[in-house]
Structures are given as structure tokens and as C-alpha cells.
A.B. asks: 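Encoded as C-alpha cells, here's the structure I'll be asking about.
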Amino acid sequence: MVPALEEILQNCHAMVFFGGAGVSTESGIPDFRSVDGLYHQKFRYPPEEMLSHTFFERHTAEFYDFYRQKLIVHGAKPNAAHLRLAELEREGKCAAVVTQNIDGLHQAAGSKNVFELHGSTLRNYCTRCGKFYPVSFIEEAGKTGDGIPRCTDCGGVVKPDVVLYEEGLDEATLEGAVNAIRAADVLIVGGTSLAVYPAAGLLRYFKGDTLVVINKQPTPADGMANLLLHMPIGQALGRGV
């Protein structure tokens with residue numbers, strides 16, 4: 001527990017939390033850019049290339065093989081940060097969570113107003129007819145044929161509702177996130193290096209009084225922060241002493 005942060009949370013009325021991979025690493029989900037992250041592992045192709053729209057179109061079977069191995073997570077549970085943010089929402093303090101994560105853990109913890117900038121592995125749609133499929137459908141497809149999940153109605157490829165490189169963010173999600181940040185009196189940035197655009201650019205819409213930055217490593221927003229904490233997000237937000 002950080003007394004200065006607790007005082008801010010006690011006095012806020014419309015706090016927005018903007019988070020990244022560092023929020024989920026404490027639930028056992030690897031991040032992308034740290035020394036041990038996905039982008040530093042060796043594969044046949046660079047991970048950034050395999051997670052691009054072009055690769056999805058040209059090497060669909062290889063895309064799904066990589067996706068099933070590295071992006072679908074099993075057994076992860078919400079951690080102290082997820083749970084505290086859900087609690088703050090129930091108390092009327094947290095107006096929204098804006099996340100770059102695709103794991104659905106904020107909703108699993110109980111947060112209702114969540115803007116998933118990069119989509120979610122839990123939602124999957126046929127690219128031809130739009131039929132919805134759960135993540136288990138993507139997993140099961142890996143056990144048969146070429147491993148490409150195909151719609152049981154029309155045969156179209158079933159694609160995860162995840163924003164790949166070269167794809168734009170969902171406009172409605174982006175608009176909701178911008179409006180929430182613009183209306184916030186407190187913005188807490190946590191567990192993100194602020195290296196991914198356009199998501200990181202959303203900070204410019206914040207017009208409130210207090211910016212809190214919580215990240216284990218320095219970020220471009222450190223110099224603007226009213227409160228700067230170089231520590232794990234769960235440790236900062238959690239109820240522990």
C-alpha cells in the first residue's frame with residue numbers, strides 16, 4: 001500500500017486506469033518487450049511479423065500455430081491490481097479501465113466498463129459470416145487438418161478479435177476510451193512502457209488534475225506525473241501493507 005496513492009484514490013471521483021502488459025505479468029502472463037518477453041524469443045519468423053495482418057493472410061496455418069502456443073493463456077487468474085480496480089469501480093471511484101491487454105482478466109475480476117484497445121482472445125468471429133466462436137474453438141482446430149479454424153456454417157476462417165499489426169483499432173472502442181480519459185479527474189498509467197501507438201497517444205486527451213505513473217521501468221510520461229512509482233502495479237494498488 002502506498003499512502004500517497006491511497007490519498008489520491010480516496011479523493012478521486014472519475015479515475016481512469018490505463019494499463020498494459022505489466023498488469024497481467026503478475027498473473028503469470030508473459031509480456032512482449034521485456035528481456036524475457038515474447039519479442040526476445042527465437043522463432044522462424046520475428047513475432048512482430050507473425051502477428052501482422054499480412055502474415056495472417058499469407059501464412060494462415062503458421063499464424064494459428066504460433067497464436068495457440070503463445071497468445072492463448074490457460075489458468076491465469078486476476079491479481080491484486082485487477083481486483084482493486086474492480087473494487088474501485090463498485091465504489092464509484094474508477095470510471096473506466098482502458099487496457100492494451102487481450103486476456104479478459106479485468107472483466108474476470110469484475111470490472112464492467114473496460115475498453116480493450118487491442119481486442120480479446122476470448123472473442124473469435126468468422127471472417128465471412130460473422131458467427132461468434134469461443135476460444136476453445138480455436139484450440140480444438142489445432143488438433144485436426146491444417147489447424148486453421150473454419151466456420152461450421154459457411155467455411156470461412158474464424159479470426160480472433162485481436163488487433164494485429166497493420167490493422168486499425170476499433171473506432172467505437174477508441175472513442176469510448178478517449179471520452180473516458182478526457183472526462184477523468186485522475187489518470188493512472190500502470191504496467192505499460194507507453195511504446196505502442198496509437199494506444200500510448202491517448203494520454204494527450206487527459207485534462208484532469210492528477211497523473212499517476214506506475215511502472216517498473218521508466219516511461220515517456222514520467223516527467224509529467226504528479227506521482228511516480230517504479231514498482232509492480234499489484235504492489236502499488238493492492239491492499240497489502
Side-chain angles (χ1 to χ4, degrees), residues 1-27 31-34 37 78-101 103 105-107 109-118 169 173-241:
M1 182 178 292
V2 180
L5 178 57
E6 291 303 314
E7 183 176 354
I8 291 170
L9 293 174
Q10 184 176 350
N11 295 318
C12 72
H13 302 288
M15 180 269 285
V16 169
F17 179 82
F18 179 94
V23 180
S24 293
T25 53
E26 294 172 54
S27 292
D31 66 3
F32 285 73
R33 289 178 168 76
S34 70
N79 60 50
H82 298 109
L83 296 170
R84 183 70 190 285
L85 289 167
E87 177 185 332
L88 288 165
E89 183 185 72
R90 291 191 295 270
E91 293 172 355
K93 299 286 188 180
C94 181
V97 169
V98 179
T99 181
Q100 299 170 81
N101 297 334
D103 50 48
L105 289 180
H106 283 292
Q107 291 92 328
S111 290
K112 305 295 184 186
N113 198 26
V114 180
F115 296 100
E116 296 174 305
L117 296 176
H118 297 153
L169 303 187
T173 301
L174 188 59
E175 182 180 359
V178 167
N179 290 337
I181 291 172
R182 185 182 280 135
D185 60 344
V186 173
L187 179 63
I188 299 178
V189 177
T192 174
S193 62
L194 297 176
V196 178
Y197 283 81
L202 296 184
L203 268 66
R204 72 179 184 271
Y205 293 102
F206 178 59
K207 308 298 182 185
D209 300 322
T210 306
L211 173 65
V212 179
V213 176
I214 309 169
N215 201 55
K216 289 191 286 187
Q217 303 298 326
T219 79
D222 287 5
M224 300 179 287
N226 301 95
L227 177 62
L228 176 61
L229 302 171
H230 284 153
M231 61 194 304
I233 184 67
Q235 182 181 338
L237 279 175
R239 289 292 198 178
V241 177

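The chain is numbered in sequence order, starting from 1.
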A.B. asks: Can you name the residues that form a side-chain contact (heavy atoms from CB on, under 4.5 Å) with Glu91, not counting sequence neighbours?
C.D. replies: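 By the side-chain contact (heavy atoms from CB on, under 4.5 Å) rule, Glu91 matches Glu87, Leu88, Lys93, Arg239.
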A.B. asks: Nearest 0.5 Å, please: how far is NE2 in His106 from OG1 in Thr99?
C.D. replies: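 These two atoms lie 4.0 Å from each other.
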A.B. asks: To the nearest 0.5 angstrom, please state how far the CD atom of Gln235 sits from the CG atom of Leu237.
C.D. replies: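 Reported value, rounded in 0.5 Å steps: 11.0 Å.
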A.B. asks: Using atom types as modelled and distance alone, determine if a side-chain donor or acceptor of Glu89 lies under 3.5 Å from a backbone N or O of Lys112.
C.D. replies: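 Side chain of Glu89 to backbone of Lys112: a pair is present.
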A.B. asks: For the residue pair Asn79 and Ser27, what are the closest heavy atoms and their distance?
C.D. replies: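 Looking at all heavy atoms of both residues, the shortest contact is ND2-OG, 3.0 Å.
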A.B. asks: At what distance, to the nearest 0.5 angstrom, does CZ of Phe206 lie from CG of Leu187?
C.D. replies: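 If we round to the nearest 0.5 Å, Phe206:CZ and Leu187:CG are 5.0 Å apart.
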A.B. asks: Can you tell me how far CD1 of Ile214 sits from CD1 of Ile188, rounded to the nearest 0.5 angstrom?
C.D. replies: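 CD1 of Ile214 is found 5.5 Å from CD1 of Ile188.
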A.B. asks: Using the test side-chain contact (heavy atoms from CB on, under 4.5 Å), find all partners of Asp103 that sit at least two apart in sequence or belong to another chain.
C.D. replies: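 Partners of Asp103 under the side-chain contact (heavy atoms from CB on, under 4.5 Å) test: Ser24, Ile29, Asn101, Leu105.
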A.B. asks: What pairs with Ser111 under side chain to side chain donor-acceptor pair (under 3.5 Å), at least two apart in sequence or on another chain?
C.D. replies: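 Scan of Ser111 (side chain to side chain donor-acceptor pair (under 3.5 Å), adjacent residues dropped) gives none.
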A.B. asks: Using the salt bridge (Lys or Arg N to Asp or Glu O under 4.0 Å) rule, take Lys216 and Glu26 through it: C-alpha gap first, then chi angles, then the decisive distance, then the call.
C.D. replies: CA-CA 12 Å; Lys216 289 191 286 187; Glu26 294 172 54; over 6 Å; no
A.B. asks: Mind listing the closest non-hydrogen atom pair of Leu117 and Ala199 along with its distance?
C.D. replies: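 Result for this residue pair: CD1-CB, 3.7 Å.
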A.B. asks: So does Gly201 get a backbone contact from the side chain of Arg204, meaning a donor-acceptor N/O pair under 3.5 Å?
C.D. replies: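 Here the side-chain-to-backbone pair exists.
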A.B. asks: Just distance, no hydrogens or angles: give the donor-acceptor pairs under 3.5 Å from side chains in residues 224-234, sequence neighbours left out.
C.D. replies:
unit_1: Asn226; atom_1: OD1; unit_2: Leu211; atom_2: N; d: 2.7
unit_1: His230; atom_1: NE2; unit_2: Asp222; atom_2: OD2; d: 3.2

A.B. asks: For the CG atom of Leu194 and the CD atom of Gln217, what is their distance to the nearest 0.5 Å?
C.D. replies: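 Separation between the atoms: 13.0 Å.
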A.B. asks: Identify all side-chain donor-acceptor contacts of residues 11-22 below 3.5 Å with residues at least two apart in sequence or on another chain.
C.D. replies:
unit_1: Asn11; atom_1: ND2; unit_2: Glu7; atom_2: O; d: 3.1

A.B. asks: Measure across Gly238 and Ala80 and return the closest heavy-atom pair with its distance rounded to 0.1 Å.
C.D. replies: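 In this case the closest contact between Gly238 and Ala80 is CA-CB, 4.2 Å.
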A.B. asks: How close do Ala95 and Asn113 get, heavy atom to heavy atom, and via which atoms?
C.D. replies: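 For Ala95 and Asn113, the tightest heavy-atom pair comes out as O-ND2, 2.8 Å.
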A.B. asks: Enumerate the side-chain hydrogen bond (donor to acceptor under 3.5 Å, both in side chains) contacts for residues 177-191, please, sequence neighbours excluded, ordered by first and then second residue.
C.D. replies: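 Those involving residues 177-191 are Asn179-Arg182.
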A.B. asks: Given Gln100 and Thr192, is the side-chain hydrogen bond (donor to acceptor under 3.5 Å, both in side chains) satisfied, shown in steps?
C.D. replies: CA-CA 9 Å; Gln100 299 170 81; Thr192 174; 3.0 Å; yes
A.B. asks: Restricting to non-hydrogen atoms, name the atom on Ala177 and the atom on Leu202 that form the minimum distance, rounded to 0.1 Å.
C.D. replies: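 In terms of heavy atoms, the two residues are closest at CB-CD1, 4.1 Å.
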